[in-house]
Q: 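First the structure, then my questions, so here it is.
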Amino acid sequence: MSIDFEIDERTDGIARRTTAFVRDVVLPEEQASDGNVHAGPEPLRRRLQEAARTAGVFAPHVGAEWGGLGLDLRGQAVVFEAAGYSLLGPLALNCAAPDEGNMHLLEIVATEKQKERYLRPLAAGEVRSCFAMTEPAPGAGSDPRALATTATRTTGGWRIDGRKWFISGADGAAFIVCMARTSGVPGDRGGATMFLVDAGNPGMKIVRNIDTLDQGLFGGHSEIVFDGCEVGDDAVLGEVEQGFPYAQVRLGPARMTHCMRWLGVARRAQDIALDRAADRSAFGRPLAELGMVQQLLADNEIDIETGRAVLWRACWELDQGRTAAQHTSIAKTYVSEAVNRVVDRAVQVCGALGISGDVPLSRLYREVRPFRIYDGPSETHRWAIAKRAVRAARERRAVR
């Protein structure tokens with residue numbers, strides 16, 4: 001098996017332009033907003049995205065038919081990491097969650113009419129979207145089979161009823177991809193269907209925006225009630241009862257793109273720590289010459305390089321058309337925890353400066369902690385990794 005991690009000249013050029021664009025355009029905007037964009041200031045988003053178009057780095061993940069650069073996942077890994085150096089970089093490139101994952105889903109699953117109605121304006125940055133699966137307990141969370149929101153057949157369409165929460169980017173979104181149960185009961189493995197629901201539907205209402213540890217997700221995280229939400233048959237995304245398989249189409253790559261973006265944050269934290277270690281002296285020597293500081297910096301380098309390696313391996317498998325379930329779980333678990341470690345060590349190297357507002361480490365610290373929960377907590381992924389490993393071992397023993 002030959003694994004190819006070669007970065008072609010075109011991708012390298014896009015990554016270099018992204019690095020310069022983030023440094024010169026995006027970082028000043030992040031600093032001006034203090035990284036707090038939950039309220040979703042539209043002029044900021046449009047200003048950044050127009051600048052990204054001018055720089056030739058807009059929508060690197062979307063096919064050329066929809067106005068994007070058409071990079072595969074290995075190419076995205078390089079460019080998204082460069083974009084993720086700033087909390088607003090992915091927003092500027094229009095490759096931030098949840099829109100990026102929804103674009104991927106729509107490209108694969110949507111009808112041509114749905115693509116024109118929803119994907120084209122989303123890919124162009126004309127609108128935003130969100131993905132509504134998570135529910136308050138005892139509904140769907142780490143276990144999607146607990147899905148409790150229902151969609152019931154009506155004359156010419158469907159009625160959706162239920163409550164969703166922690167729906168990222170919902171405030172200001174033009175449409176929602178909603179997961180609802182069309183058969184069975186919570187706990188059943190199947191029976192889920194995806195629906196495209198336009199904002200302004202009288203049966204759908206944002207009841208609150210949730211106060212959270214992180215502040216860098218455009219549009220924040222909302223709680224939504226579906227109460228007699230009527231949609232037509234043309235609102236069904238893909239086939240009825242195929243919602244759970246479609247969720248995997250979206251979630252596998254989306255977990256990897258999360259890792260890509262957060263590795264950019266880790267590199268930024270490490271750069272701040274390296275600068276501090278070079279500039280600050282203690283006990284008559286620069287911090288960079290003190291063994292315990294060197295260990296912190298070295299461990300950061302190890303975590304970043306290892307995280308990138310496991311991520312690229314998973315992306316290569318997905319680009320080959322494989323399910324890559326084991327390697328995406330490994331990558332998501334490792335990178336989410338490694339990024340936390342890197343930022344934490346960077347704070348430690350910087351000392352009092354690290355927890356002050358004079359450098360952005362405290363802001364980055366707040367942003368990276370939820371990543372160990374988003375897209376499946378580490379515990380759920382470890383459970384799945386172990387199950388697959390045990391199953392593979394049993395299969396090997398059976399053929400001996």
Side-chain angles (χ1 to χ4, degrees), residues 97-119 122 127-170 173-206 222-255 323 325 375-376:
D99 289 332
E100 172 267 322
N102 284 345
M103 291 181 220
H104 176 71
L105 177 67
L106 289 166
E107 273 198 280
I108 293 175
V109 176
T111 65
E112 291 306 312
K113 187 174 181 179
Q114 288 171 335
K115 289 178 182 178
E116 288 296 333
R117 181 174 176 181
Y118 295 103
L119 175 57
L122 184 62
V127 300
R128 292 192 296 105
S129 66
C130 61
F131 185 80
M133 182 169 72
T134 305
E135 300 168 339
S142 299
D143 182 3
R145 294 176 301 180
L147 183 69
T149 298
T150 60
T152 309
R153 280 273 188 194
T154 63
T155 302
W158 300 83
R159 170 184 167 139
I160 304 172
D161 293 282
R163 183 177 290 264
K164 303 287 186 179
W165 91 308
F166 220 86
I167 306 308
S168 302
F175 67 92
I176 292 176
V177 180
C178 177
M179 286 275 285
R181 183 170 289 284
T182 46
S183 69
V185 297
D188 288 353
R189 295 182 64 88
T193 301
M194 289 185 177
F195 295 90
L196 292 160
V197 183
D198 293 322
N201 187 308
M204 179 183 68
K205 181 181 180 181
I206 295 178
S222 303
E223 185 167 358
I224 304 174
V225 168
F226 293 85
D227 185 8
C229 180
E230 300 278 351
V231 296
D233 282 326
D234 59 351
V236 175
L237 179 57
E239 298 180 20
V240 173
E241 310 262 299
Q242 293 300 306
F244 287 142
Y246 293 151
Q248 293 308 309
V249 168
R250 183 186 188 278
L251 287 174
R255 287 175 180 136
T323 60
D375 282 345

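In this chain, numbering begins with 1 at the start of the sequence shown.
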Q: Under 3.5 Å, sequence neighbours excluded: what are the donor-acceptor pairs made by side chains of residues 189-199?
A:
unit_1, atom_1, unit_2, atom_2, d
Thr193, OG1, Thr182, OG1, 2.8
Thr193, OG1, Glu241, N, 2.8
Asp198, OD1, Tyr118, OH, 3.0
Asp198, OD2, Arg117, NH2, 2.5

Q: Run the salt bridge (charged side-chain N to carboxylate O under 4.0 Å, His left out) test against Asp143 and tell me which residues pass, sequence neighbours left out.
A: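 In terms of salt bridge (charged side-chain N to carboxylate O under 4.0 Å, His left out), with neighbours along the sequence ignored, Asp143 is linked to Arg145.
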Q: Taking the side chain from Gln114 and the backbone from Val236, do they hold a donor-acceptor pair closer than 3.5 Å?
A: yes
Q: Return the set of residues passing salt bridge (charged side-chain N to carboxylate O under 4.0 Å, His left out) with Arg128 (not counting sequence neighbours), or none when no residue passes.
A: Glu42
Q: Under the rule for side chain to side chain contact (heavy atoms under 4.5 Å, CB included), what residues qualify as partners of Ala170, not counting sequence neighbours?
A: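 If we apply the side chain to side chain contact (heavy atoms under 4.5 Å, CB included) test to Ala170, skipping adjacent residues, the hits are Cys130, Ile167, Ile206, Ser222, Ile224.
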Q: Quick one: list whatever passes side chain to side chain contact (heavy atoms under 4.5 Å, CB included) with Ala148, sequence neighbours left out.
A: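 If we apply the side chain to side chain contact (heavy atoms under 4.5 Å, CB included) test to Ala148, skipping adjacent residues, the hits are Glu135, Pro186.
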Q: Taking only residues two or more places apart in sequence or in another chain, which ones pass side-chain hydrogen bond (donor to acceptor under 3.5 Å, both in side chains) with Arg250?
A: Asn102
Q: Can you name the side-chain hydrogen bond (donor to acceptor under 3.5 Å, both in side chains) partners of Asp99, sequence neighbours left out?
A: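 Only Ser129 meet the side-chain hydrogen bond (donor to acceptor under 3.5 Å, both in side chains) criterion with Asp99.
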Q: Under the side-chain hydrogen bond (donor to acceptor under 3.5 Å, both in side chains) rule, collect the residues that match up with Asp233, sequence neighbours excluded.
A: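 For Asp233 the side-chain hydrogen bond (donor to acceptor under 3.5 Å, both in side chains) partners, ignoring immediate neighbours, are Arg153, Trp158.
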Q: With sequence neighbours excluded, what pairs up with Asp161 under the salt bridge (charged side-chain N to carboxylate O under 4.0 Å, His left out) test?
A: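 Counting only residues at least two positions away or on another chain, Asp161 forms a salt bridge (charged side-chain N to carboxylate O under 4.0 Å, His left out) with Arg159.
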Q: Quick one: side-chain hydrogen bond (donor to acceptor under 3.5 Å, both in side chains) partners of Glu223, sequence neighbours excluded?
A: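 With sequence neighbours excluded, Glu223 shows a side-chain hydrogen bond (donor to acceptor under 3.5 Å, both in side chains) to Arg163, Arg208, given in chain and number order.
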Q: Sequence neighbours excluded, which residues qualify as salt bridge (charged side-chain N to carboxylate O under 4.0 Å, His left out) partners of Glu107?
A: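 Glu107 satisfies salt bridge (charged side-chain N to carboxylate O under 4.0 Å, His left out) with no residue once adjacent residues are dropped.
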